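What follows is one structure encoded as structure tokens, with my remarks underneath.
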Amino acid sequence: MSSTASLDNSTHWADINAARIVRERGPKEHYTCASGITPSGTIHIGNFREIISVELVARALRDRGQNARFIYSWDDYDVFRKVPRNVPNAGKFEAYLRWPIILVPDPWEKESSYARANEVELETVLPELGVTPEYIYQADQYRNSGYAEGIRTALQHRELIRALLNEHRTQPLPPEWWPISVFSSFTNKDTTVVLEWDGEWAVRYRCEETDKEETLDLRSTGLVKLLWRIDWQMRWKHEDVDFEPAGKEHHSAGGSFDTARTVSQQVYGQTPPVTFKYDFISIKGRGGKISSSSGDVVSVRDVLEVYQPEIVRHLFVGTRPNAEFAISFDLDVIKIYEDYDKCERIYFGIEEVGEKRRAKEARIYELSQVHAVPERAPLQIPFRHFCNLLQITAGDIDRAVALFPGTDSLSEEELHRLRRRGSCAWNWINRFAPDDFRFTLKTGAEPPIELSDVQRVAVVALADEVRDRAAEHDEKSLAQAIYDIAAANGIEPKELFQIMYQVLVGKDQGPRLAGFLLTLGQSRVEEILGPYRTQR
RNA sequence: ACCCCCUUAGCUCAGCCGGCAGAGCAACGGAUUCUUAAUCCGUGGGUCGCAGGUUCGAAUCCUGCAGGGGGUACCA
């Protein structure tokens, strides 16, 4: 872990923001870093940017010796506005429109509610990425009247809030506007009209569907909710939030963050938190290949199918929050893995670079780790090579790892990481890699391909070479032997390569032949090539 | 209308709380009798969008302008 002294010089955005928080909020016993999303659907990788941004800043605060509280507010008292496309029995769910999502049943019938189902989906994946916030469930808070005070404060400043919001509106808010909404106790829906407030804790409303009226006590019923544009600031006050980033859609003049600042200050007397704007995430290379289990949304889990956790972190750590970037599922995946491996080599001093670059990459590497930084430089199996190994072993990850030199003395932790990479590589090959990258090794049991006599003799000569002298060869010398065999049999090297690929994988091309043969090993090569000895 | 971001090599971009303009890819030259964007060695290439300002010194800070992109004002 870096010393505080070096962190002061860090140019990483997480460190810069951590320093800014301490400077602007003054000395505090702890700093509260907040994030929050509505669980009204699958949490996608774009939402994840907010979570990881907060996690990184909280980590940066801790790295400089501060206490950081990382909270994550689930707005599960939000309204069910539309039935998502990926929901089974969508028709049945029409009946729950306008209900709070915490009361909508789980369409997959596993969790206690639709909201909870979405929450669980994310909460189970985040620890894999080293993200462990303290969850706050707003439905609980509201229904236990935990926000009663904050609601009353908003009601007391009704006119001020209206005026502040009106500053940026084309249509002023109507006279009957209130900063709250009410869920009807008769229908569970928010199709209600607020009638009056007694200046203290009593709110009277009418349910539009049933035409019934009722008076609620803010201290004992949880049916009243603050409108979103006020709820946010109320929570800043309630949790004393010091830092909360927001998407670019909130960071415009007149946008939600803008009005939130003034409301926070003037209504709640709370200095707005330090913030920054983060840009959107796009997706590249997923077109038509697969229909995500969650509609056309790419979830955090979907990304982890192809990227190791530390590489997912690396993507976000290494990109300034206000820059848009794409999560790629195409050929870029290889480059992303290579970039990470390079960063790792720089961290461990295996690859020499200038001091400025080294410091930068080292900090990125630290922040990319799920847990602590490894004690020694991990063995790297390049992603592309791993793809080849896995295709040789038909997806058997442990055997693929074993084919790579130096893997017999690894710790369990190191093996775990390699297996995870293997699993990603295998997923990528099967689902996203271009056809050129894919091959299926022959077993030797299938009918041999048609060859001319000359071709067959050359194949057998190469088979003999591997069977008798594989142990003496390295990649280079075997490559030379291949050329010698081609020459001795009077065929073009190019033709021999093509034949060999046809014989081995049924295609005109494949992995570099010499290395490929050595990786396959004598017995495997013999199984496939052996039948050509007897073929006439 | 308002707000924000971007503009740096042919392309994609890094560099931005000031200190000799960088990387990857492409191109070009060479090597290699292989190959899954092939590998290795080497070379060339930029008025840092434009115009001002601050400074000993500006890609970097400030002001203005131009072009491109995004966002906001209704609902959450």
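Letters A, B, ... are given to chains in the order of the sequence lines, protein chains preceding strands, and every chain is numbered from 1. Model, not experiment: these values are computed from the prediction.
Separating the CD1 atom of A:Ile482 from the P atom of B:C34 is a distance of 10 Å, rounded to the nearest angstrom. In this structure, A:Tyr501 atom OH and B:A38 atom P are separated by 13 Å, rounded to whole Å. Rounded to a whole Å, the CG atom of A:Asp339 is 11 Å from the P atom of B:C25. Residue A:Leu462 contributes atom CG, which lies 13 Å from atom C1' of B:C34 at whole-angstrom precision. Atom-to-atom, CG of A:Asn322 to P of B:C5 comes out at 8 Å; the value is rounded to the nearest Å. When rounded to the nearest whole Å, the span between CD1 of A:Ile346 and P of B:G24 equals 11 Å. Between the C1' atom of B:U33 and the CD atom of A:Glu492 lies a distance of 9 Å, rounded to the nearest Å. Rounded to whole Å, the distance from CD on A:Glu167 to P on B:C2 is 17 Å.
When only modelled atom types and interatomic distance are considered, A:Thr187 and A:Glu209 share no side-chain donor-acceptor pair under 3.5 Å. In this model, a donor atom of one side chain and an acceptor atom of the other lie less than 3.5 Å apart for A:Gln455 and A:Glu495. Counting only N and O atoms by type, the side chains of A:Arg229 and A:Thr259 include a donor and acceptor under 3.5 Å apart.
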Using the 3.5 Å cut-off, write out each protein N or O paired with an N or O of nucleotides 12-19 of chain B and the distance between them.
residue, atom, partner, partner atom, Å
B:A14, O2', A:Lys360, NZ, 3.4
B:G15, OP2, A:Arg320, NH1, 3.0

Q: Any chance you could list the contact pattern along nucleotides 71-76 of chain B? Use B for base contacts, S for sugar-phosphate-only contacts and - for none, protein heavy atoms under 4.0 Å, 5' to 3'.
A: BSSSSB
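Look at the C1' atom in both B:C28 and B:G44: the space between them is 7 Å, to the nearest Å. B:G15 and B:C6 have their C1' atoms separated by 15 Å, with the value rounded to a whole Å. Going from the C1' atom of B:G67 to that of B:C50 covers 10 Å, rounded to whole Å. Here, B:A26 and B:C16 have their P atoms 27 Å apart, quoted to the whole Å. Comparing B:U7 with B:U47, their C1' atoms are spaced 15 Å from each other, to the whole Å. If you take atom P in B:A76 and the same atom in B:U8, they sit 41 Å apart, rounded to whole Å. Between the C1' atoms of B:U33 and B:C20, the separation comes to 45 Å (whole Å). The gap from the C1' atom of B:A31 to that of B:G69 amounts to 45 Å, rounded to the nearest Å.
Each of A:Tyr483 and A:Phe437 was assigned the nucleotide of RNA chain B with the nearest heavy atom; the assignment lying further toward the 5' end belongs to A:Tyr483. Nearest-nucleotide mapping onto RNA chain B: of A:Glu338 and A:Ala479, the residue sitting toward the 5' end is A:Ala479.
Between A:Asp341 and A:Arg345 there is no salt bridge, since no side-chain nitrogen of the basic residue lies less than 4.0 Å from a carboxylate oxygen of the acidic one.
Residues A:Thr275 and A:Glu244 have side chains not in contact (no heavy-atom distance under 4.5 Å, counting atoms from C-beta outward). Residues A:Tyr114 and A:Tyr96 have side chains not in contact (no heavy-atom distance under 4.5 Å, counting atoms from C-beta outward). Using a 4.5 Å cut-off on side-chain heavy atoms (C-beta onward), A:Ile43 and A:Glu119 make no contact. The side-chain heavy atoms of A:Thr153 and A:Tyr268, taken from C-beta on, include a pair separated by under 4.5 Å.
Within the nucleic acid shown, A:Glu324 has no heavy atom closer than 4.0 Å to any nucleic acid atom.
Using the six-membered ring where Trp is involved, A:Tyr147 and A:His238 have ring planes that are perpendicular, over 60° apart on the 30 and 60° scheme. Ring geometry for A:Trp236 against A:Phe257 counts as tilted: the plane angle lies between 30° and 60°, on a 0 to 90° scale. Using bins of under 30°, 30° to 60° and over 60° for the plane-to-plane angle, the ring pair A:Trp232/A:Trp228 lands in the parallel bin. Using bins of under 30°, 30° to 60° and over 60° for the plane-to-plane angle, the ring pair A:Tyr365/A:Tyr340 lands in the tilted bin.
Contact check, A:Arg512 against B:U36: a side-chain N or O comes under 4.0 Å of OP1 or OP2.
For A:Leu513, the listed nucleotide lying nearest its side chain is B:C34; candidates were B:U33, B:U36, B:C34.
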**Q.** Working for side chain to side chain contact (heavy atoms under 4.5 Å, CB included), residues A:Arg524 and A:Leu441
**A.** CA-CA 10 Å; A:Arg524 200 72 175 273; A:Leu441 198 60; 3.6 Å; yes
**Q.** RNA chain B base-pair string [pairs: Watson-Crick or G-U under 3.5 Å; |: paired with another strand]
**A.** ((((((((.[[[[.)...(..]]]].(((((.......))))).....[[[[[..)....]]]]])))))))....
